Amino acid sequence: MSTPYPFTAIVGQDDLRLGLLLNAVSPAVGGVLVRGEKGTAKSTAVRALAALMPEVSVVPGCRFSCDPGSPDPACPDGPHAEAAGVSRAARTVELPVGASEDRLVGALDIERALSEGVKAFEPGLLADAHRGILYVDEVNLLHDHLVDLLLDAAAMGASYVEREGVSVRHAARFLLVGTMNPEEGELRPQLLDRFGLTVEVAASRDTDERVEVVRRRLAYDDDPEGFAARWAGEESALRERIAAARALLPRVVLGDGVLRQTAATCAAFEVDGMRADIVMARTATALAAWAGREEVTADDVRQAALLALPHRRRRNPFDAPGLDEDKLDQTLDEAAPQESDDGGDQPDPDPDPDGGGDDDGGGGGGVPPQADGDRTPPQGEGGSDSGTPPGAPEGGPDAPGRSTGAEQQPVASAEPFRTKMLSVPGLGEGAAGRRSRARTEHGRTTGARRPQGSLTKLHLAATVQAAAPHQRARGRSGRGLVVRRDDLRQATREGREGNLVLFVVDASGSMAARQRMSAVKGAVLSLLLDAYQRRDKVGLVTFRGKEAEVALPPTSSVDAAASRLESLPTGGRTPLAAGLLKAHHVLRVERLRDPSRRPLLVVVTDGRATGGPEPVALAGRAGRLHRSEGTASVVVDCESGYVRLGLAGELARELGGTAVTLDELRADSIAGLVKDVTAAGRAA
């Protein structure tokens with residue numbers, strides 16, 4: 001086994017180390033989610049933490065790590081006779097992104113369960129992680145149903161496996177640590193809430209600190225054992241401090257004053273539910289124990305808020321994480337106990353209202369302050385803010401050789417709204433999501449088939465029907481059914497999949513009227529929010545002037561797409577064909593990377609095409625290219641005014657798709673509740 005990098009040798013990353021150590025002191029805090037860019041020691045710190053965890057005493061031979069002092073009465077390997085336990089190091093179990101449900105929770109032998117009534121159970125990773133650390137790298141890329149199972153087990157302290165009336169339960173209490181790169185997509189808000197703490201990590205911009213990081217890493221790579229030996233003293237001291245804080249934790253007092261500050265803070269930041277209050281209280285208590293104190297102070301509450309609230313105050317995926325620290329300090333001051341309050345025999349650890357109001361960071365750590373809802377578009381690269389007159393079809397002074405001459409500053413988007421569901425027709429087999437119909441592991445049962453590989457979802461009726469004709473030949477004599485592996489049938493289920501939604505947005509002069517472009521951005525932002533909720537990947541292609549560009553390659557991060565959309569300038573001619581051809585190239589590459597994920601092309605334009613020879617005919621040919629490959633498409637018609645040319649409708653017919661206006665895109669419009677996209681080849 002390779003020597004892990006020492007925890008105490010990690011340079012900087014104070015928030016990351018503090019969040020992990022607080023969970024080591026008090027696992028009841030609920031784990032930690034580490035968000036940050038790649039290459040910031042997220043995985044290194046988590047793996048190094050295992051060496052600092054106290055050893056655990058387990059029942060000999062128990063696959064579920066039962067404590068000999070209080071064994072789990074429902075343990076599948078039990079009941080356990082009284083015996084001396086054996087000590088071993090706490091485990092760090094890693095859950096790979098591509099793990100199956102059976103690998104996570106364990107698997108039942110369905111054949112033996114049906115024929116013998118025996119609960120033959122093979123433990124999964126949740127059993128391995130009991131009383132240790134469960135580490136999920138790139139947790140935002142984990143399938144939703146696995147995240148649900150994982151967080152349910154973390155919340156209840158137990159894992160349940162239910163298969164056709166046969167159930168197994170075992171204890172599963174562990175320190176849950178997840179890491180993620182926000183650029184690759186966000187977790188759902190309700191799942192974010194299940195992590196106790198969150199920390200943001202980023203590479204240091206200090207030259208000396210970066211030099212020290214490289215120096216230590218090179219020394220470790222050259223001689224891991226020797227490097228670890230040089231840090232053995234610091235590791236031992238930190239291990240002893242964790243043990244001392246654990247022993248002190250039950251004696252820490254959470255006074256009424258700081259408890260009121262905790263509740264007032266959660267109310268001020270309008271977090272949902274009561275989990276935030278509980279996590280803050282536990283975190284503040286762990287902070288006091290870590291500092292060697294038996295009373296929680298206002299500084300502990302402040303630090304707990306910086307760790308427990310940033311990921312809970314987001315209202316939609318486009319909100320920036322973080323807390324307004326000035327508002328936090330004001331809330332803590334207002335909720336602090338007054339000096340005139342006698343308090344009786346209840347001590348107040350910090351009655352001075354000025355005690356928590358300094359700007360020294362409240363003990364270090366926390367999330368750097370960020371502007372709340374800061375979505376101010378950047379300055380344009382030239383041009384004025386006046387915009388093109390509404391009546392000018394192509395931006396007036398658009399010189400063919402200088403497409404940026406009429407470029408305008410980006411305009412803010414209109415308020416997003418709830419959109420109709422745009423779905424891809426047919427039945428797919430892509431990643432689980434909430435948009436189009438697909439064969440999935442979860443959903444309503446539609447039939448049965450022979451299992452391919454391990455059996456995951458038994459179709460009981462089909463299995464019995466397959467086994468029934470052979471009972472006499474198999475010598476059945478009792479009441480039990482004689483079942484063979486060839487009789488087992490896998491249930492086929494229909495649910496929903498996530499798609500690749502590729503936006504092709506017209507940013508030319510014909511769209512440059514400020515009011516129109518604001519409405520267009522609001523519509524695309526609404527579709528992006530819908531894509532986030534339906535677990536889609538998204539991409540963004542824009543076209544204006546002479547060419548098209550991929551503003552955002554396909555990604556799971558819809559907030560990155562929203563950011564690119566906000567900074568999108570407008571102006572120039574309308575190279576519609578170039579936009580469609582660029583989209584065709586993006587989709588061709590994505591079909592090679594992820595062939596099971598079906599695409600949905602969303603073209604946002606008024607349908608005009610200018611620039612170059614025969615621009616309209618060329619755009620038509622590009623549209624027919626998409627139709628020939630079966631790409632589902634929808635055209636969002638942005639044409640406005642009394643005189644409408646209907647060019648967007650013509651484009652939709654070339655694509656073999658459907659055209660909807662901005663008004664029809666709203667879910668509450670009178671045009672209907674659902675607008676299905678017509679695939680190529682199904683058009684009349």
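None of the values given here were measured: they were computed from a predicted structure.
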N/O donor-acceptor pair under 3.5 Å between [X] side chain and [Y] backbone:
{"X": "E639", "Y": "L645", "answer": "yes"}
{"X": "T610", "Y": "T574", "answer": "yes"}
{"X": "R312", "Y": "A308", "answer": "yes"}
{"X": "R205", "Y": "A203", "answer": "yes"}
{"X": "K537", "Y": "L502", "answer": "no"}
{"X": "T605", "Y": "G607", "answer": "yes"}
{"X": "E566", "Y": "S563", "answer": "no"}
{"X": "T631", "Y": "R627", "answer": "no"}

After noting the C-alpha distance and the side-chain angles of E497 and N499, does the key distance pass the side chain to side chain donor-acceptor pair (under 3.5 Å) rule? CA-CA 6 Å; E497 67 177 357; N499 298 110; 3.2 Å; yes
Where is the tightest heavy-atom contact between [X] and [Y], given as atom of each residue plus distance?
{"X": "A548", "Y": "V541", "result": "CB-CG1, 4.4 Å"}
{"X": "V604", "Y": "C638", "result": "CG1-SG, 3.5 Å"}
{"X": "A491", "Y": "T445", "result": "CB-CG2, 4.2 Å"}
{"X": "V538", "Y": "A561", "result": "CG2-CB, 4.0 Å"}
{"X": "A622", "Y": "A577", "result": "CB-O, 4.2 Å"}
{"X": "L580", "Y": "A619", "result": "CD1-O, 3.7 Å"}

Enumerate the residue pairs fulfilling ring-ring contact (aromatic ring centres under 6.0 Å, His included) with a member in residues 565-592, sequence neighbours excluded, ordered by first and then second residue.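 Counting only pairs at least two positions apart or across chains, the ring-ring contact (aromatic ring centres under 6.0 Å, His included) contacts touching residues 565-592 are H584-H626.
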Is the closest side-chain heavy-atom distance between [X] and [Y] below 4.5 Å?
{"X": "L568", "Y": "V505", "result": "yes"}
{"X": "T198", "Y": "L307", "result": "no"}
{"X": "V636", "Y": "V603", "result": "no"}
{"X": "V550", "Y": "P553", "result": "yes"}
{"X": "T419", "Y": "R666", "result": "no"}
{"X": "V660", "Y": "V635", "result": "no"}
{"X": "K420", "Y": "L665", "result": "no"}
{"X": "F195", "Y": "L176", "result": "yes"}

Taking only Lys NZ, Arg NE, NH1 and NH2, and the carboxylate oxygens of Asp or Glu, determine whether D536 and R434 approach each other closer than 4.0 Å.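 No.
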Between R598 and E429, is there a side-chain N and carboxylate O pair less than 4.0 Å apart?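 No, this pair does not count.
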Under 6.0 Å from the ring centre and within 45 degrees of the ring axis: does the NZ or CZ of K582 meet both conditions for the six-membered ring of F543?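 Pair K582/F543 does not count as cation-pi.
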Measure the [atom1]-[atom2] distance between [X] and [Y] for me, rounded to the nearest 0.5 Å.
{"X": "T542", "Y": "L565", "atom1": "OG1", "atom2": "CG", "value": "10.0 Å"}
{"X": "L601", "Y": "L422", "atom1": "CG", "atom2": "CG", "value": "11.5 Å"}
{"X": "E629", "Y": "R624", "atom1": "CD", "atom2": "CZ", "value": "14.0 Å"}
{"X": "L576", "Y": "L618", "atom1": "CG", "atom2": "CG", "value": "9.0 Å"}
{"X": "R621", "Y": "E654", "atom1": "CZ", "atom2": "CD", "value": "10.5 Å"}
{"X": "L525", "Y": "F417", "atom1": "CG", "atom2": "CZ", "value": "9.5 Å"}

With side-chain contact (heavy atoms from CB on, under 4.5 Å) as the test, pick out the partner of L197 among L306, V32, V34.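 For L197, the side-chain contact (heavy atoms from CB on, under 4.5 Å) check succeeds only for V32.
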Apply side chain to side chain contact (heavy atoms under 4.5 Å, CB included) to residues V586 and V589 and explain how you reach the verdict. CA-CA 5 Å; V586 171; V589 172; over 6 Å; no
Please determine whether side chain to side chain contact (heavy atoms under 4.5 Å, CB included) holds for the pair T179 and V201, giving the CA-CA distance in whole Å, both sets of side-chain angles, and the decisive distance to 0.1 Å. CA-CA 10 Å; T179 59; V201 295; over 6 Å; no
May I have the step-by-step check of side chain to side chain donor-acceptor pair (under 3.5 Å) for D506 and S508, ending in yes or no? CA-CA 6 Å; D506 185 349; S508 65; 2.7 Å; yes
For T492, all residues meeting side chain to side chain contact (heavy atoms under 4.5 Å, CB included), sequence neighbours excluded: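 Side chain to side chain contact (heavy atoms under 4.5 Å, CB included) check on T492 returns T446, R449.
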Partners of R496 by side chain to side chain contact (heavy atoms under 4.5 Å, CB included), sequence neighbours excluded?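 Applying side chain to side chain contact (heavy atoms under 4.5 Å, CB included) to R496 gives M421, R437.
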Assess the residue pair V139 and L95 against the criterion (side chain to side chain contact (heavy atoms under 4.5 Å, CB included)); give the C-alpha distance rounded to whole Å, side-chain angles, the decisive distance to 0.1 Å, and a yes or no. CA-CA 9 Å; V139 64; L95 174 62; over 6 Å; no
Working for side chain to side chain contact (heavy atoms under 4.5 Å, CB included), residues R435 and V501: CA-CA 10 Å; R435 184 172 297 279; V501 182; 4.0 Å; yes
